**Q** 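Dropping a structure here in structure tokens format, bear with me for questions.
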Amino acid sequence: MPFTADLQFSPVETVLVKLLHERAMYGYEIIKVVNDRTDGAFQWKEGTLYPCLHRLETAGVIAGEWRAGAFGKRRKYYALTGKGAALVQARLDEWAAFSAAMDALLFAPERGHPVRA
Amino acid sequence: MDEPTFEKLADQVTDGLNADPELRLDVRAEILAHLEDAAEHADGATPDERAAHAVKSFGTPLDIAGALLEANQPRMAWRARLRLLMTAVLIPLAVLVAMILVYGRAARFANTVRLFSFSPWRITLPELPGMLSVRTHAARYDAKHGPPPRTREEMRAFALRHRAAPGGVAYYAIYATRLAGADAAFVREMRLGEQLEPDNALYNYRLARYYLDKGMEARSEQHEWNEGKRQGGTDTLRDRRMMALGLAEYRNALKKPYYDDHVVEAEHRRMAALPAPKLFEDYLTYTESFSSIIFRHLAEQRTLARKIGGCARLLAAEGRTDDAVALVESWKPVAVQQARGSRTLIQLLVAIACAEIAAKDGAELYDALGHHALAAQTRRECAAFAAPRTRARGHWRGGFGGPSPAWSARKAYLERRGSLFTAILLPVYDRTPTAAELAPARYAEYAVLERIVLSGVLAALASCLLCGLILAACWSAAARRAQAASCLLLPSWRALAWVFGWGMLLPLGLYALLSRLPVIGVREYGFGVTWPAAAVLLVALLLALALLPYSLMGRVVRARCAELAVPVPDRRTARRVQWTAENIVTGAGLLLLGLVIGVLYLGPWSLLPAALLALLLLLVAGTLLRRLTAAHRAYARYFGTLNRSLAPIFALAILVLCLIVHPYLQRSEVRYLRADTLLFPKPQHGYPGFPIEARTVAHWKQEMLAALDAR
């Protein structure tokens, strides 16, 4: 299965699409969620997140909307568009295939050289 | 570390987005909100420590700026194209289309209305290609086929050149009816006409009138135009030989099988050479053209009838009683001849008037000679001949006491079920049209009215658009002066669609629905009856179109400014400043328009003073605007964005109205006018005046001829 080029280097877009499929979020919230869910294993930086968000927004996968949150503070929330929603499952399948391929590459025994116990 | 540090960082990060100031503001606001959140949740004992931590964990500004620029570049490119599309294509296109349509139709209509004597409009406006009036079409036709004959020689040559064509005698008849008796060649030309059309009594009647003019004057001629003083005066014999010649021609005319002045036929030919009428103003032109030619020599026939009575009295005074009696008895064959030759109601009315003049003179002569029974018979026969007119007159008005109830009821019915035009033109005809027959005229009138209103709406929208663009430019300059960079915001497609939908499409849709619903709409009855409801609907529509977009766009821009931390004035100040700015621009625009009209009226000499006045006006308006924008410089982005954002809304509305609504209304107008069988001459009917007239004429003619036993 051919993979999108960026998937081989960074899974950020896939993560963003999946997270925003759950609910609309703003930039800082996304960083917090990623850090929390990965127990701090992924320490996303703004320099990684915002360009990716803007790229997805330009591509029409997500749409930003200014909304007032708690205490009236206005933040730009991102949500999946129709186009983005249609993309979620494909991205997850792609990731699953990519992950399986990586597993096979990294952890499967080499052919003709059985792994010793 | 405090907020200015955040702002500095946000500025550095978004520096690469400078080409799209609004996008930069948007990203900057997002980064600031992020930094504030990060500082709120960062580790540290003091706010400064937390802020420092947030800045530190943010990353290297230069790297982030590069990444943001790369991510946003495609978006910046299409936003730039969108701006270009709006400012360079959509808006100029809308202004151009609106100007062409409004001006083109206005020029066509104004040049048509200018034909009528009651019109105050005296300027001929240049017309646009594809929107030419019938008048211009006629001028072009003349230019292509040679100018129409105007001088006597030209008309004669034209008539003789075309006499061999089928029905070509009509050209000579028209020439003959226009030739004045004072012309030296009059007798010769009438004789030529007689040769061309030997069975037509027209030329003999014209010759009779010519000779009788020289030979005598009837007493009734002396008070022809003074209805209140019918009595008095004397019949005067000027030249016995001329009178004899005149009477001889008169008797020759009586022997001819028919009398035809050919005016209807000639007018039919003239109209057939022009493009077929389509719109209301075309039909108006044809009606005016028809009416203007039909009256041309009808008065001459009445004068001849007066002269014949005078001649009979003069002969009786000389003792030639038999000749006198024979002359007065001739009113009947003349009446029959004229009635048979009539194709329009006005011709029939003139035939009745001539018969009444001649029969009255005859009855008086019989009374004077003691033949009272003959006098009474003459009066009875004449009354029977004029019966359709007398009956119709009874319908039209109740003597000097004002309109009769029957006439008023008919007029009210025509007003209610027909149009303003049917109520003006049709009460004179003795057949009341059915509601189904009247419906097309009524719908056509609404279509015409809406087309005129649409032109007004387009002009208003184009003015709003231009005013908005001027104000946007002024506020942009003010913003540039204040911030060294102009930054008017670009509303999203969604916001534009929202304002367009609620501010433009909704009022138009509601108007279309309300005005056409059978129960509450205004088209069930004629405009003369429902004009208050129609006026209320139209005023409501105009107010909605003028106020709603401003109000809705104000909300959109206010919300956007709040998102991007752009200062906005309070609502009262916003209304006051916007109102003042609009008044300055609109006032200057109206005064400039007044100057242009003044130059058109006064001529080229007024061009220089008008240009100086215009320059002064622009200077004053510019100064006032500059002062206003300088005083509210802090809100320049808000006002500039508001005015510029409305421009595409107005442009889109203009394009929708021009490209969808206007063709729809025009098609309706054409369809209803074509379906109308009551008003306006139609090519397919051979232009016999009003279509309803043909039926009335046939009916009257039958009754009149039966009265004289001449069917």
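Proteins come first, then strands; the chains are lettered A, B, ... in the order of their sequence lines, and each starts at number 1. Bear in mind the structure is a predicted one, so any value in this text is a computation, not a measurement.
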**Q** Just wondering, are more than 12 heavy atoms of other shown residues or ligands nearer than 6.0 Å to CG in B/L659?
**A**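 Result for CG/B/L659: enclosed.
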**Q** Taking A/K76 first and then B/D26, would you say they form a salt bridge - that is, a charged N and a carboxylate O separated by under 4.0 Å?
**A**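 Salt bridge between A/K76 and B/D26, a charged N being under 4.0 Å from a carboxylate O: yes.
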**Q** For chain A, find which of B/A33, B/P74, B/A38 contributes the most heavy-atom pairs closer than 4.5 angstrom.
**A**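 Max contact count across the listed options: B/A38.
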**Q** Side chain from CB out, backbone as N, CA, C, O: work out which of these in B/A29 comes under 4.5 Å of a heavy atom of chain A, or both, or neither.
**A** both
**Q** Taking the six-membered ring for Trp, are A/Y50 and B/H34 parallel (under 30°), tilted (30 to 60°) or perpendicular (over 60°)?
**A** perpendicular
**Q** Kindly check if the number of other-residue, nucleotide or ligand heavy atoms within 6.0 Å of CH2 (A/W66) is above 12?
**A**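 Count over threshold, so yes.
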**Q** At what distance, to the nearest 0.5 angstrom, does CZ of A/R75 lie from CG of B/D37?
**A** 4.0 Å
**Q** Tell me the residues of residues 51-59 of chain A whose non-hydrogen atoms fall below 4.5 Å from those of chain B, in number order.
**A**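 Counting heavy atoms that sit under 4.5 Å from chain B, the residues of residues 51-59 of chain A involved are A/P51, A/H54, A/R55, A/E57, A/T58.
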**Q** With a 4.5 angstrom heavy-atom cut-off, is it the side chain or the backbone of B/L69 that approaches chain A, or both, or neither?
**A** neither
**Q** Are any non-hydrogen side-chain atoms of A/K73 and B/E36 less than 4.5 angstrom apart?
**A**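 Heavy-atom side-chain distance check passes, below 4.5 Å.
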**Q** For the OH atom of A/Y28 and the CD atom of B/E40, what is their distance to the nearest 0.5 Å?
**A** 8.5 Å
**Q** Mark yes when over 12 heavy atoms from residues, nucleotides or ligands other than A/R67 sit less than 6.0 Å from its CZ; otherwise mark no.
**A**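 Yes.
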